[in-house]
Amino acid sequence: MHQGIPYTMELTHVQIQGPTKGVVLIYLNKPDSGNSLHPLLLADTLKAFKWANQQPNIQVIILSGKGRFFCTGMELASDEEISFAPGDDFHQLNKELILSEKILIAAVNGAAAGYGSTCITLFDLVFAVEEAYFFLPFIKWGLLPEAAASLTYPKIMGYQRTNLLFLTGKSISALEAQQMGLVSSILPSENFIGEVMAIAERIGQSDSGAVHETKRLLKQPVIQDLLDANDRECQMIHEERVPGGHVKTAREKFKLEQEGKSKEKKKAKALL
């Protein structure tokens with residue numbers, strides 16, 4: 001399966017497919033919670049990217065999600081908290097994406113909330129199914145943008161449209177995301193991953209020097225700015241939001257909201 005590349009790590013919530021033809025596919029594999037950022041999933045994702053970035057015969061890394069969702073951000077339903085401290089897994093994963101010399105492709109197979117929407121701006125290509133949608137409910141939960149989104153979103157779509165998403169939590173469709181510059185292309189949901197793989201394999205079989213030098217020319221001018229934004233965001237969340245009790249409050253609000261939705265569903269069923 002791995003074409004002679006030693007791969008011995010045990011991953012709980014991430015699945016790796018390949019590499020084949022210079023391409024490796026990394027799946028977030030916690031579909032029961034919408035591939036949300038449980039500490040184990042976060043640690044596994046970091047391990048997978050570190051491994052892939054170190055393999056000389058891999059040119060392209062694809063990230064997608066198992067099930068109906070791409071990634072639904074922080075796992076507020078769990079009491080197990082991720083750390084935003086500089087140097088810990090969350091901070092390091094963003095740094096790994098920023099510094100990667102591979103071509104990074106996000107294959108957005110469904111809903112992308114919070115980190116699912118912010119992390120894609122660190123990828124070189126973003127493909128989405130038509131049914132995918134994106135939203136950033138940071139203000140709702142008393143949290144802050146991350147994954148260098150405080151830098152990338154205004155650069156991609158401008159200050160006003162960024163605030164529309166960040167401050168109101170407005171949900172946007174895949175088509176709107178494409179029009180705003182977040183999504184490279186929309187592909188049919190039927191054989192979605194197959195279509196993304198075909199594109200990735202064409203890149204993976206291209207001249208490696210030309211591929212990597214093209215990426216370097218495009219990304220080098222902004223790498224330090226991205227690293228600095230990641231540092232600022234993680235530091236603010238770690239030093240202000242977490243000790244201020246905002247993350248704890250977000251979990252409590254989320255659980256109450258889910259309980260309310262569950263009661264409404266039961267009422268609706270009873271009326272049938």
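The structure presented is a predicted model; accordingly, all values stated were derived computationally and were not measured.
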Distance col, row Gln92:CD vs Lys50:NZ, nearest 0.5 angstrom, shows 5.5 Å

OG (Ser189) and CD (Glu195) are apart, to the nearest 0.5 Å, by 11.0 Å

Q.
Taking CE in Met180 as the centre, count heavy atoms belonging to other residues, nucleotides or ligands within less than 6.0 Å. Is the count above 12?
A. yes

Taken to the nearest 0.5 Å, the spacing of Ile62 CD1 from Ile26 CD1 works out to 9.5 Å

| When you check the side-chain N and O atoms of Asp231 and His91, is any donor under 3.5 Å from an acceptor? | yes

Here the gap from Ile103 atom CD1 to Leu125 atom CG, rounded to the nearest 0.5 Å, amounts to 7.5 Å

- Message: When you compare the side chains of Ser33 and Lys30, does any donor N or O come within less than 3.5 Å of an acceptor on the partner?
- Response: yes

Can you tell me if Gln15 has over 12 outside heavy atoms packed within less than 6.0 Å of its CD?
yes

Q. Ile61 and Gln55: side chain to side chain contact (heavy atoms under 4.5 Å, CB included), yes or no, with the steps?
A. CA-CA 11 Å; Ile61 305 172; Gln55 306 308 318; over 6 Å; no

* Asked: Judged by atom type as modelled, is there a donor-acceptor pair below 3.5 Å linking the side chain of Arg216 to the main-chain atoms of His212?
  -> no

Shortest non-hydrogen pair, Val60 vs Ala200, comes out as CG2-O, 3.6 Å

Could you state whether Leu136 and Leu122 fall into the same hydrophobic cluster, counting links through intermediate Ile, Leu, Val, Met, Phe, Trp or Tyr residues with side-chain heavy atoms under 4.5 angstrom apart? yes

The side chain to side chain contact (heavy atoms under 4.5 Å, CB included) partner of Leu25 among Ile16, Ile105, Ile193 is Ile193

Are Leu46 and Ile58 connected in a single hydrophobic cluster, I mean Ile/Leu/Val/Met/Phe/Trp/Tyr linked by side-chain heavy atoms less than 4.5 Å apart?
yes

> Side-chain heavy atoms under 4.5 angstrom apart, residues restricted to Ile, Leu, Val, Met, Phe, Trp, Tyr: same cluster for Met74 and Ile237?
Replying inline: yes

Any side-chain heavy atom of Ile98 within less than 4.5 Å of one from Asn230? yes

Same cluster (ILVMFWY, side-chain, under 4.5 Å), Leu93 and Val108:
yes

Interatomic distance, OG@Ser36 vs OH@Tyr115, rounded to 0.5 Å, equals 13.5 Å

Can you confirm whether Lys102 is buried at NZ, in the sense that more than 12 heavy atoms of other residues, nucleotides or ligands lie under 6.0 Å from that atom? yes

Are Ile199 and Val211 connected into the same hydrophobic cluster when the rule is that any two of I, L, V, M, F, W, Y join if their side-chain heavy atoms are below 4.5 Å apart? yes

Under a 3.5 Å threshold, yes or no: a donor from one side chain and an acceptor from the other, between Ser208 and Gln59?
no

Closest non-hydrogen atoms of Ala132 and Ala128, given as atom of the first, atom of the second and distance, are CB-CB, 4.2 Å

Go through the steps for Thr20 and Met197 under the test side chain to side chain contact (heavy atoms under 4.5 Å, CB included), then give the verdict.
CA-CA 10 Å; Thr20 57; Met197 282 293 295; 4.1 Å; yes

Donor on one side chain, acceptor on other, Asn53 and Glu96, under 3.5 Å
yes

Do Val183 and Phe127 touch side chain to side chain, with heavy atoms closer than 4.5 Å? no

Checklist entry - With a 4.5 Å limit on heavy-atom distance, are the side chains of Ile186 and Val129 in contact? => result no

Flag side-chain contact, heavy atom, 4.5 Å: His13 against Leu28
no

query: Counting N and O atoms only, with roles assigned by atom type, does the side chain of Glu233 sit under 3.5 Å from a partner on the main chain of Ser150, one being a donor and the other an acceptor?
result: yes

On a heavy-atom basis, the closest approach of Thr12 and Asp44 is N-OD2, 2.5 Å

Working note: Ile120 + Val126, criterion side chain to side chain contact (heavy atoms under 4.5 Å, CB included); need CA distance, chi angles, decisive distance, verdict. CA-CA 7 Å; Ile120 62 173; Val126 180; 4.0 Å; yes

- Distance-only, no hydrogens or angles: does the Thr121 side chain make a donor-acceptor pair with backbone N or O of Thr118 under 3.5 Å? yes

- Whether Phe90 and Phe84 hold their rings parallel, tilted or perpendicular, with breakpoints at 30° and 60°: perpendicular

**Over 12 foreign heavy atoms within 6.0 Å of CD, Glu130** = no

For Asn35 and Cys71 the tightest heavy-atom approach is O-SG, 3.4 Å

query: Heavy-atom distance under 4.5 Å between the side chains of Glu176 and Phe134, does that happen here?
result: no

Item to check | Side-chain donor-acceptor contact under 3.5 Å, Asn109 with Tyr27 | outcome: no

Fill in: Stepwise side chain to side chain contact (heavy atoms under 4.5 Å, CB included) check, Leu226 with Lys95
CA-CA 9 Å; Leu226 291 168; Lys95 190 174 179 180; over 6 Å; no

Smallest heavy-atom separation, Val196 atom then Leu187 atom, equals CG2-CD1, 3.8 Å

Closest non-hydrogen contact found for Ser83 with Asp88 is OG-OD2, 2.6 Å

Is the closest side-chain heavy-atom distance between Leu182 and Ile172 below 4.5 Å?
yes

Do Tyr153 and Pro145 have side chains that get closer than 4.5 Å, going by heavy atoms?
no

Output for pair (Leu42 CG, Ile82 CD1), nearest 0.5 Å, gives 5.5 Å

Note to self: Side chains of Leu99 and Leu227, heavy atoms from C-beta outward: is any pair under 4.5 Å?
What the structure shows: yes

Next on the checklist: Donor-acceptor check, side chain of Ser64 to backbone of Ala107, threshold 3.5 angstrom: yes or no?
Outcome noted: yes

